[in-house]
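Here is the structure we will look at, set down as structure tokens.
Convention: sequence-line order gives letters A, B, ...; per-chain numbering from 1. Worth saying up front: this structure is predicted, and the values here are computed from it rather than measured.
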Amino acid sequence: MKIATWNVNSIKARLPNILEWLGDAKPDVVLLQETKTVDEGFPAMEIEDLGYNIALHGQKTYNGVAILSKFPIEDIERGLPGNDGDEQARYIEAVIAAHRPIRVASIYVPMGSEVGSEKFEYKLNFLDRLIKRFEKIRESGDAAVMGGDYNIAPDDFDVYDPIKLHETVLCSTVERKKLRTMMNMGYTDAFRTFNPQGHQYSWWDYRAGAWNKDNGLRIDHLLLTPAATDRLSASDIDRDPRAKEKASDHTPVWCMIDE
DNA sequence: ATGGTAGTCTCACTA
């Protein structure tokens, strides 16, 4: 089973690119972030026509996450527990009802603006809530793929210029420690397992010709519980969609899980 | 280069 994560930066603006990629890459499950629409505005029909079921957690203008699956989607949970007042649509979790069921989540971690800002504090609080959810899922023993835009580059070699970006947002020690806490719980970074060399990126800023200079960061991740890691056979970044016209600033990251 | 670009019921905000 091929499971991918992709921050599409607007499902409506990206629909032709997404439909083309679904046809080419043929993922079984897709975890989408930054759909930027209420659920009523999601172009469901075009995607369902390619054989996908859809679970949505959207909002107007900002954020928005979704799960696409060729298998039935069950036990859908919207929102990350721990803050009932949080209205930002950044988390959806469900069980993919394949022969051997697998839990998945589509996660859009707040970018955090600048280290020390109010938005950065919201990011750290979100990560604390995410850690609690990771603990629960790890303890359940479920096979789970927790995918999304984490807005954290795990190590200096996941960044095009670690000197320039030293202790800036996406790279700071305090953010990396939160990610490290998740890994230390027993989660595996699927991409890193098969690609130990570094300098492989999933996001390139629209500005300053970052894509053409390969000035990227690896901030989109698939983190797997031990039960899912036991079934992990491959993982890579698919750079093709980033090279297209009207591309998202992120490109898909995928992994293969034994069915 | 505190710049640059893209998306959104915008003329500002988020990323």
Side-chain angles (χ1 to χ4, degrees), chain A residues 5-21 31-44 46-47 56-66 80 86-92 106-127 130 147-154 158-172 174-176 178-179 201-221 237 239-253:
Chain A
T5 181
W6 191 10
N7 179 325
V8 291
N9 184 23
S10 169
I11 189 80
K12 291 177 188 170
R14 215 65 58 216
L15 189 60
N17 303 49
I18 291 165
L19 294 175
E20 184 186 12
W21 179 74
L31 310 168
L32 298 173
Q33 301 87 38
E34 277 208 274
T35 53
K36 290 188 169 179
T37 177
V38 293
D39 296 351
E40 294 72 32
F42 193 97
E46 291 91 333
I47 292 170
L56 298 173
H57 182 40
Q59 71 176 83
K60 188 181 164 187
T61 310
Y62 301 117
N63 310 315
V65 285
L80 189 57
D86 188 353
E87 292 179 356
Q88 299 192 29
R90 295 178 174 276
Y91 187 88
I92 185 169
S106 179
I107 307 161
Y108 179 39
V109 174
M111 196 277 275
S113 187
E114 285 179 56
V115 174
S117 67
E118 196 172 314
K119 289 193 178 76
F120 191 76
E121 290 307 307
Y122 173 70
K123 179 180 196 172
L124 297 182
N125 174 271
F126 184 96
L127 288 166
L130 193 60
D149 176 1
Y150 283 75
N151 269 316
I152 302 172
D158 295 309
V159 175
Y160 73 97
D161 188 344
I163 309 279
K164 179 183 167 188
L165 299 177
H166 180 68
E167 290 299 337
T168 59
V169 73
L170 316 184
C171 303
S172 73
V174 60
E175 294 165 76
R176 286 175 170 174
K178 303 285 187 195
L179 199 59
Y201 311 124
S202 66
W203 171 78
W204 298 259
D205 201 304
Y206 283 124
R207 299 165 290 189
W211 166 250
N212 289 322
K213 292 184 262 188
D214 199 26
N215 286 350
L217 280 74
R218 193 174 71 93
I219 57 176
D220 301 88
H221 310 297
I237 295 170
R239 292 168 60 101
D240 291 348
R242 187 63 179 82
K244 304 273 184 185
E245 286 297 308
K246 285 213 51 142
S248 169
D249 45 353
H250 297 253
T251 211
V253 183

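Note on Lys12(A): every side-chain N or O is 4.0 Å or more away from OP1 and OP2 of dT8(B). In this model, the phosphate group of dG7(B) is approached by a side-chain N or O of Arg14(A) to a distance below 4.0 Å at OP1 or OP2.
The nearest heavy atom of DNA chain B to Ala247(A) and to Tyr62(A) marks one nucleotide each, and the one closer to the 5' end goes with Ala247(A). Toward the 5′ end of DNA chain B lies the nearest nucleotide of Gly209(A), the other residue of the pair Glu34(A) and Gly209(A) mapping further downstream.
Neither side chain, Asn151(A) nor Tyr108(A), offers a donor N or O lying under 3.5 Å from an acceptor on the other. Residues Asn9(A) and Lys36(A) have side chains that bring a donor and an acceptor to within less than 3.5 angstrom of each other. Neither side chain, Glu34(A) nor Ser10(A), offers a donor N or O lying under 3.5 Å from an acceptor on the other. Side chain to side chain, Glu114(A) and Ser117(A) fail the donor-acceptor criterion of an N or O pair below 3.5 Å.
Nucleotides dG7(B) and dG3(B) are separated by 22 Å at their P atoms, to the nearest Å. Here the separation of dT5(B) from dT10(B), taken at their C1' atoms, is 16 Å to the nearest Å. Rounded to the nearest Å, the gap between the C1' atom of dA15(B) and that of dT2(B) is 16 Å. The gap from the P atom of dT8(B) to that of dG4(B) amounts to 22 Å, rounded to the nearest Å. A gap of 15 Å separates the P atoms of dC9(B) and dT14(B), to the nearest Å.
The distance from atom CG of Asn215(A) to atom P of dA1(B) is 16 Å, rounded to the nearest whole Å. Taking atom NZ on Lys36(A) and atom P on dT10(B), their separation rounds to 14 Å, with Å as the unit. Separating the CG atom of Leu165(A) from the C1' atom of dG3(B) is a distance of 15 Å, rounded to the nearest angstrom. Distance, Gln59(A) CD to dA15(B) P: 10 Å, rounded to whole Å. Separating the OH atom of Tyr122(A) from the P atom of dT14(B) is a distance of 13 Å, rounded to the nearest angstrom. If you measure from atom NE2 of His250(A) to atom P of dT5(B), you get 18 Å, rounded to the nearest angstrom. Whole-Å rounding puts the Gln88(A) CD to dA15(B) C1' distance at 12 Å. Look at CG on Asp220(A): it is 14 Å from P on dA15(B), rounded to the nearest Å.
Using cut-offs of 30° and 60° on the angle between ring planes, the pair Trp204(A) and Trp211(A) is perpendicular. Using a 30° and 60° split on the angle between ring planes, Trp6(A) and Trp21(A) fall in the perpendicular class, above 60°.
In this structure, Arg90(A) reaches the sugar-phosphate backbone alone: every heavy-atom distance under 4.0 Å involves primed, P, OP1 or OP2 atoms, never a base.
For Arg207(A), whose side chain is taken as the heavy atoms from C-beta onward, the closest listed nucleotide among dT5(B), dT8(B), dT14(B) is dT5(B). Among dT8(B), dT14(B), dA15(B), the nucleotide with an atom closest to any side-chain atom of Thr61(A) is dT8(B). Of the candidates dA15(B), dT5(B), dC9(B), dA15(B) carries the atom nearest the Met111(A) side chain, counting heavy atoms from C-beta on.
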